[in-house]
Amino acid sequence: MSQPGEHPINRVREVQTPLKILLLAAEVVPFAKTGGLADVAGSLPKAIRALGHDIRVAMPRYGRISPHRFNLMRVLDPFPVPMDDRSEQAELMQTSLDGDVPVYMIENARYFDRDCIYMYPDDAERFIFFCRGMLEAVKRLDWQPDIVHCHDWHTALIPNWIKTIYAHDPFFENVASVYTIHNLAYQGIFGYRVLEVAGIDEYGFVVHPDTVDLNEVVDFMGRGIFFSDVINAVSETYSREILTPEYGEKLDPLLRDRRDRLFGVLNGIDLDEFDPATDSYLEANYNLESLDQRVHNKLSLQREAGLRQDPHVPVVGIIARLTDQKGLDLVTSTLEAVLQHLGAQFVLLGTGEQRYHDFFSELSNRFPEQAGIFLTFNASLARRIYAGSDLFLMPSRFEPCGLGQMIAMRYGSVPLVRAVGGLADTVSDYDPVSGNGTGFVFTTYDPMALYTSLVRAVETYRHRDIWRELQVRCMQQDFSWEKSARKYVELYNRARAFRAQDRTA
Ligand code: ADP
């Protein structure tokens, strides 16, 4: 049995046989985005395509996705999708990612022609329709996938259907499933009724002796874990953490049962999109050879944030959803001391819970020259913070992967993180004796631990040559998708092997 953390996929060579993969997600950049899932679903397929595999993407055609802007073409006549004891009509549209990866969109005005992507009372039904519609659509296309790659709860019923209502359908006989967990905190929990809508009520609840809270609800995430041929989380550390009650969000017993099928694959970032040498949002572009130019971004950020312009004051940045997950209670407990005693400046960009909005608004009133607060979502300002801050703070309570620390490193902002999930896998603690490390790392979830790391970081910042070496090491890290795409291809092959093995068992 393979253990999460020492995955055989890390040791296996790239596979030569081209695979056919259908990747399904609720959001995909550039068509629709609310979070990191969309970044992954929009960039991973391009990297897998580059390895020679026939990967295609599927998502709903939300009302806000302009057919004209994205050149959507209708590829099938309207077709029925079984829903409960009736059927609903779907249409299938097609476009592509960069002209390279085909993208299918399931269309139905009643379900998807709305202002937002989620947060509707019939979300379960909407995503059941999307997923079931896509399985019905793919049978009508002249293309049979080897793999369905599902992401998060919205697409988690697909492996469930393949092993139940489609179990005797020759089209799906050899189709293996991979299920990627982006964040176990969002599980998609609904009542019995959705089993009827999904046509799987005769199979009932998934019951496990150690998940009593979940035995009489329909937990989409739990079903994805239970029925998939292979499961992965978006970093190796998170794939181990979720086996424990502390991080398992009540699904750890189920995950422990399936640990031989559970792997970790770190997300990448799009190196073309996030490139300080070409980023048009910056005051000054720079790379490793022209790092001296970076200071212009710092001065311009200080101006934009209303802070005193001074190249020598350390600027600490945060860009985050303002939720408990991001460790903001540690930040609110220590920030005043950081501003008063360490003399640092602070820039925050984020939206979220009201109590954090209140706290940071008040802070900026009290420290107008030291704290620049932007309670909004602003992608271009985010780039300027990555390029203009000296330190980038992510003291998360839990962090499945985290993109912020990787982007920060690419832009030469040194990360200060808590050693959890993907943060532990991407940032190593600076060791002044050996001179190694790419940031500042603390472990205990405690304000004092954060404060001590900040003291260490600010002290290190005073030594210009040491800081420059740290920045250079950060910028040299390889967070390209290529490495992770190869690991996903290994997972696809592993899923096929498990599927074949289970079918003959
Ligand atoms: P999560 O997916 O948990 O929100 P990640 O670190 O994985 O956290 O990804 C967050 C991404 O969203 C990063 O690219 C970050 O720069 C961006 N982001 C978060 N909040 C904002 C904001 N208010 N404005 C602009 N970009 C933001």
Side-chain angles (χ1 to χ4, degrees), residues 4-5 34-40 44 151-153 180-187 221 231-249 251-252 255 262-269 274 316-332 334 348-353 356 382 385-386 389 391-411 413-429 437-447 449-450 453-454 457 474 477 479 484:
T34 68
L37 166 62
D39 291 314
V40 174
L44 171 64
H151 293 260
D152 272 354
W153 73 261
T180 300
I181 301 170
H182 292 262
N183 192 336
L184 205 58
Y186 305 102
Q187 295 181 7
M221 177 73 81
I231 309 143
N232 82 286
V234 288
S235 68
E236 293 206 355
T237 296
Y238 191 58
S239 75
R240 287 191 298 271
E241 287 169 342
I242 57 179
L243 296 172
T244 67
E246 186 181 356
Y247 295 98
E249 303 280 351
L251 287 176
D252 49 293
L255 285 158
L262 174 63
F263 300 88
V265 183
L266 193 71
N267 289 334
I269 55 172
F274 296 109
V316 180
I318 291 188
I319 304 170
R321 289 181 292 115
L322 303 182
T323 66
D324 281 346
Q325 177 193 334
K326 300 295 176 181
L328 291 163
D329 50 336
L330 297 188
V331 176
T332 56
T334 46
L348 174 135
L349 170 63
T351 57
E353 290 172 26
Y356 292 126
I385 295 175
Y386 288 124
S389 58
L391 262 179
F392 190 78
L393 212 54
M394 285 182 77
S396 304
R397 192 180 282 276
F398 69 96
E399 195 63 71
C401 174
L403 299 176
Q405 82 282 13
M406 292 195 261
I407 303 171
M409 282 192 260
R410 174 116 171 108
Y411 281 68
S413 183
V414 176
L416 192 162
V417 304
R418 180 161 174 255
V420 278
L423 298 172
D425 294 350
T426 51
V427 183
S428 56
D429 195 28
T438 54
F440 298 88
V441 182
F442 69 99
T443 304
T444 315
Y445 194 83
D446 172 68
L450 170 61
S453 304
L454 276 161
C474 287
Q477 299 301 302
F479 295 123
S484 304

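The heavy-atom pair separating Tyr386 from Ser389 by the smallest distance is O-OG, 4.0 Å. Residues Pro395 and Leu450 approach most closely at CB-CD1, 4.3 Å, considering heavy atoms. In terms of heavy atoms, Arg418 sits closest to Ser396 at NH1-O, 3.2 Å. When all heavy atoms of Val420 and Glu241 are compared, the closest pair comes out as CA-OE2, 3.5 Å. Considering every non-hydrogen atom in both Gln477 and Thr438, the closest pair reads NE2-CG2, 3.5 Å. Considering all non-hydrogen atoms of both residues, Ser235 and Pro400 come closest at OG-O, 2.7 Å.
You'll find the side chain of Leu255 reaches within 4.5 Å of the side chain of Ile181, heavy atoms only. Proximity of Leu243 to Leu262: side-chain heavy atoms (C-beta onward) are separated by under 4.5 Å at one or more points. Here the side chains of Gln405 and Cys474 are not in contact, with every heavy-atom distance at 4.5 Å or above. Counting only heavy atoms from C-beta outward, the side chains of Leu266 and Glu236 never approach each other to under 4.5 Å. Side-chain atoms of Arg397 and Lys326, non-hydrogen and from C-beta on, never get closer than 4.5 Å to each other. In this structure, the side chains of Phe440 and Val427 stay at 4.5 Å or more apart for every pair of heavy atoms. Looking at heavy atoms from C-beta onward, Thr244 lies out of side-chain contact with Asp252 at the 4.5 angstrom threshold. Side-chain contact between Thr323 and Leu328 is absent, with no heavy-atom pair separated by less than 4.5 Å.
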message = For Tyr238 and Tyr247: C-alpha separation, side-chain torsions, deciding distance, then whether ring pair (Phe, Tyr, Trp, His ring centres under 6.0 Å) applies.
response = CA-CA 8 Å; Tyr238 191 58; Tyr247 295 98; 7.5 Å; no
inquiry  = Determine whether Glu353 and Arg321 satisfy the following criterion, salt bridge (Lys or Arg N to Asp or Glu O under 4.0 Å), listing intermediate values before the conclusion.
reply    = CA-CA 9 Å; Glu353 290 172 26; Arg321 289 181 292 115; over 6 Å; no
Test side-chain contact (heavy atoms from CB on, under 4.5 Å) applied to Leu330 and Phe442, step by step = CA-CA 12 Å; Leu330 297 188; Phe442 69 99; 4.1 Å; yes
key: Residue pair Leu454, Leu391: steps toward the side-chain contact (heavy atoms from CB on, under 4.5 Å) verdict   = CA-CA 9 Å; Leu454 276 161; Leu391 262 179; 4.2 Å; yes
query = Passes side-chain contact (heavy atoms from CB on, under 4.5 Å), Thr332 versus Tyr356? Steps please.
reply = CA-CA 8 Å; Thr332 56; Tyr356 292 126; 4.1 Å; yes
inquiry  = Show, in sequence, the C-alpha distance, side-chain angles and deciding distance for Leu251 and Gln187, and conclude whether the side-chain contact (heavy atoms from CB on, under 4.5 Å) test is met.
reply    = CA-CA 10 Å; Leu251 287 176; Gln187 295 181 7; 3.5 Å; yes
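Interatomic distance, Asp425 CG to Thr237 OG1, rounded to the nearest 0.5 Å: 3.0 Å. Note that the CG atom of Leu322 and the CG atom of Leu348 stand 5.5 Å from one another [nearest 0.5 Å]. In this structure, CD1 on Ile385 lies 4.5 Å from CG on Leu349, to the nearest 0.5 angstrom. Taken to the nearest 0.5 Å, the CE atom of Met406 stands 11.5 Å off from the CZ atom of Phe392.
The aromatic rings of Tyr411 and Phe274 lie perpendicular to each other, with more than 60° between the two planes, well past the 30° mark.
With Asn267 contributing its side chain and Val234 its backbone, the two residues share no donor-acceptor pair below 3.5 Å.
With hydrogens and angles left out, the side-chain atoms of Tyr445 and Asp329 include a donor and acceptor closer than 3.5 Å. Judged purely by distance below 3.5 Å, without hydrogens or angles, the side chains of Thr180 and Asn232 pair a donor atom with an acceptor atom.
A cation-pi contact, defined as under 6.0 Å to the ring centre and within 45° of the axis, is absent between Arg410 and Phe479.
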